[in-house]
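Since we're looking at a predicted model, the values are computed, not measured. These values consider heavy atoms only, across backbone and side chains, with no hydrogens, waters or symmetry-generated copies.
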Amino acid sequence: MTIFDDLPKWLVIDEILARLPPKDVLRCRAVRKSWHSGTSTNAFILDHHRRQPSLPIIEQRRKGFCHMAGASNGQKIWPVLRYAVTKPVVIHRACDGLLILGQQSDFYICNPTTRKCASLPHPPQRPGVSVIAVVAFYRHHTSREYRVLWVSYSRPISSGVPVQSPEYFVLTVGSNQPRCIQCPTVSQHTLHVTQSPYCPPVHHRGSLHWAFGLNLTVFDSVAETFRQMSRPIELGALVSLLDMGGSLALWHTTCDSITFDIWVLQDYDAETWGFQYRISLFAMEASPPLNLGVIYRPSMAVINEHELLIEQRPDRLLHCDTDGVFLGNVESEEHGNQQILTRHLTGHRLQESMISLSLFEAQEEDAVNQEPPFSIVLQDDMLHLNDLDTPY
């Protein structure tokens with residue numbers, strides 16, 4: 001009979017531990033030194049990260065915390081972080097399980113899985129009234145560094161006063177030496193979208209993509225340059241990007257916010273798109289019935305290749321499939337209280353990882369890590385979609 005101790009180390013590490021959830025791998029590190037060393041290599045951490053699902057992040061505003069929705073062996077959601085209602089925190093960008101968070105003019109980078117957090121420096125502000133905002137967060141393929149693309153621009157003090165052109169800076173995480181890159185030709189609308197925390201780019205084929213106007217704006221994260229990409233102009237200007245199982249997709253809705261069309265990029269190099277799905281809320285038999293009399297600009301997020309979340313209105317978050325079949329609600333009424341509880345699809349995604357940064361350890365050793373205005377929630381606090389209001 002083969003017992004566990006007879007199994008070769010590579011089999012245990014690469015085929016068993018690599019398939020466990022991150023929190024279980026972190027616990028296993030305390031069992032054996034060989035498991036600790038085997039699961040701490042960059043190769044293991046990256047391979048384990050690739051196995052994790054990429055799931056949408058939902059903001060529950062009145063409760064003051066964000067949590068993540070998932071679809072694996074039954075629908076579940078669980079908390080990611082909490083913050084004080086009087087000091088709201090904004091998720092600016094996400095990459096490889098790392099989040100860039102902001103509270104007023106302070107920025108933080110954290111890994112909710114390992115519960116590590118550090119303050120994040122940003123480029124110095126220019127003289128005058130200026131804004132520093134995060135545009136992109138990515139892993140540079142060649143150097144394997146995590147880098148942040150910032151934009152600095154001045155707001156007009158009064159009408160008629162010219163505004164300086166925005167400046168774009170790349171700052172490696174852990175460094176305080178920003179590097180200016182070529183500024184793309186942008187309109188004020190383009191600038192607003194690329195730096196908005198509510199319009200995060202979609203990572204695809206080593207580039208980041210934003211949808212606005214009648215084109216896509218693409219930032220090549222290797223060459224660190226901007227370019228334009230065509231898309232179906234018949235969809236109009238109000239479109240949003242999705243990652244549909246590794247394919248770049250666009251969705252848009254009719255003026256009454258009832259019908260949703262999803263187009264998928266069929267050939268990236270040729271920039272050709274094809275119609276894929278149509279979802280109609282009229283045809284959706286939901287419980288309770290949908291109130292379609294109030295027009296609300298909806299949001300959509302992908303759970304997996306066949307399941308979606310639709311924010312039909314602030315107090316109604318729908319779970320459906322790509323055929324438009326209603327699968328359930330993310331309940332919007334607080335238990336024992338008639339107060340409306342709004343849940344908002346942030347557009348950000350979290351793919352759990354055990355990736356660490358030298359910045360975490362450096363700030364811990366130097367004791368310069370200021371207390372963040374939020375608390376990271378342990379991933380043990382899992383909840384079923386039907387048990388959202390159970391205390392935990």
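Contact annotation: the side chain of Val148 never approaches that of Ile109 to less than 4.5 Å [non-hydrogen atoms, C-beta and beyond]. Residues Tyr168 and Glu224 have side chains not in contact (no heavy-atom distance under 4.5 Å, counting atoms from C-beta outward). Residues His92 and Pro197 have side chains in contact (heavy-atom distance under 4.5 Å, counting atoms from C-beta outward). Contact annotation: the side chain of Thr217 approaches that of Gln228 to within less than 4.5 Å [non-hydrogen atoms, C-beta and beyond]. Between Glu15 and Trp10 the shortest side-chain heavy-atom distance falls below 4.5 Å. Looking only at side-chain heavy atoms (C-beta outward), Pro22 and His48 come within less than 4.5 Å of each other. By the 4.5 Å heavy-atom criterion applied to side chains, Leu290 and Arg316 are counted as neighbours. With contacts defined as side-chain heavy-atom distances shorter than 4.5 Å, the pair Ile16/Leu7 qualifies.
The 12-atom threshold is not exceeded at CG of Asn42, counting heavy atoms of other residues, nucleotides or ligands nearer than 6.0 Å. Heavy-atom contacts from other residues, nucleotides or ligands closer than 6.0 Å to CD1 of Ile233 number 12 or fewer. Counting non-hydrogen atoms of other residues, nucleotides and ligands closer than 6.0 Å to CZ of Arg297 gives a total above 12. In this structure, His140 places its NE2 atom where more than 12 heavy-atom neighbours from other residues, nucleotides or ligands lie under 6.0 Å away. Heavy-atom neighbours of Glu285 CD from other residues, nucleotides or ligands within 6.0 Å: at or below the threshold of 12.
In this structure, OG1 in Thr194 is found 6.5 Å from CH2 in Trp210, a value given to the nearest 0.5 Å. Met244 CE to Tyr277 OH: the interatomic distance, rounded to the nearest 0.5 Å, is 5.0 Å. Distance CG/Leu242 to CG/Leu248: 8.5 Å, rounded to 0.5 Å. The line from CG of Leu120 to CZ of Phe107 is 8.0 Å long, rounded to the nearest 0.5 Å. The distance from the CG atom of Leu214 to the CG atom of Leu235 is 10.0 Å, given to the nearest 0.5 Å. Between atom CG of residue Leu345 and atom CD of residue Glu311 there is a gap of 5.0 Å, rounded to the nearest 0.5 Å.
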Taking it one step at a time, do Leu318 and Met284 satisfy side chain to side chain contact (heavy atoms under 4.5 Å, CB included)?
CA-CA 10 Å; Leu318 309 175; Met284 187 178 293; 4.1 Å; yes
Can you list the steps and then say if Thr114 with Ser356 is a side chain to side chain contact (heavy atoms under 4.5 Å, CB included)?
CA-CA 8 Å; Thr114 62; Ser356 187; over 6 Å; no
Run the numbers on Tyr198 and Ser299 for side chain to side chain contact (heavy atoms under 4.5 Å, CB included), then give the verdict.
CA-CA 11 Å; Tyr198 306 107; Ser299 299; over 6 Å; no
For a side chain to side chain contact (heavy atoms under 4.5 Å, CB included) check, start with the C-alpha distance between Tyr296 and Asn291, then their side-chain angles and the critical distance, and finish with the verdict.
CA-CA 11 Å; Tyr296 174 76; Asn291 178 9; over 6 Å; no
Applying side chain to side chain donor-acceptor pair (under 3.5 Å), run through Glu307 and Asn304 and close with a yes or a no.
CA-CA 5 Å; Glu307 297 178 63; Asn304 56 40; 3.0 Å; yes
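Ring pair Tyr108/Phe374 is perpendicular by interplanar angle, where above 60° counts as perpendicular and below 30° as parallel. Aromatic ring pairs are classed by plane angle as parallel below 30°, tilted from 30° to 60° and perpendicular above 60°; the pair Trp263 and Phe275 is perpendicular.
Of all heavy-atom pairs spanning Arg231 and Trp273, the tightest one is CA-NE1, 3.5 Å. Shortest non-hydrogen contact noted between Gly324 and Ile279 is CA-CG2, 3.9 Å. Tyr146 and Arg139 make their closest contact through OH-CD, 3.4 Å (heavy atoms, listed as atom of the first residue, atom of the second, distance). Of all non-hydrogen atoms in Arg29 and His36, the two that sit nearest each other are O-CB, 3.4 Å. Residues Thr113 and Ser353 approach most closely at CB-O, 3.2 Å, considering heavy atoms. The two atoms that bring Arg147 and Val170 nearest to each other are CD-CG1, 3.9 Å, heavy atoms only.
Without hydrogens or angle criteria, Asn329 side chain to Ser287 main chain gives a donor-acceptor distance under 3.5 Å.
The six-membered or imidazole ring of His348 lies away from that of Phe137, with a centre-to-centre distance of 6.0 Å or more.
Hydrophobic clustering, with ILVMFWY side chains joined whenever heavy atoms are under 4.5 angstrom apart, groups Leu357 together with Val134. In the hydrophobic clustering of this structure, Leu359 groups with Ile100; members are Ile, Leu, Val, Met, Phe, Trp, Tyr whose side-chain heavy atoms approach within less than 4.5 Å, directly or through other members.
Checked by atom type, the side-chain pair Thr346/Glu59 shows no donor-acceptor distance below 3.5 Å.
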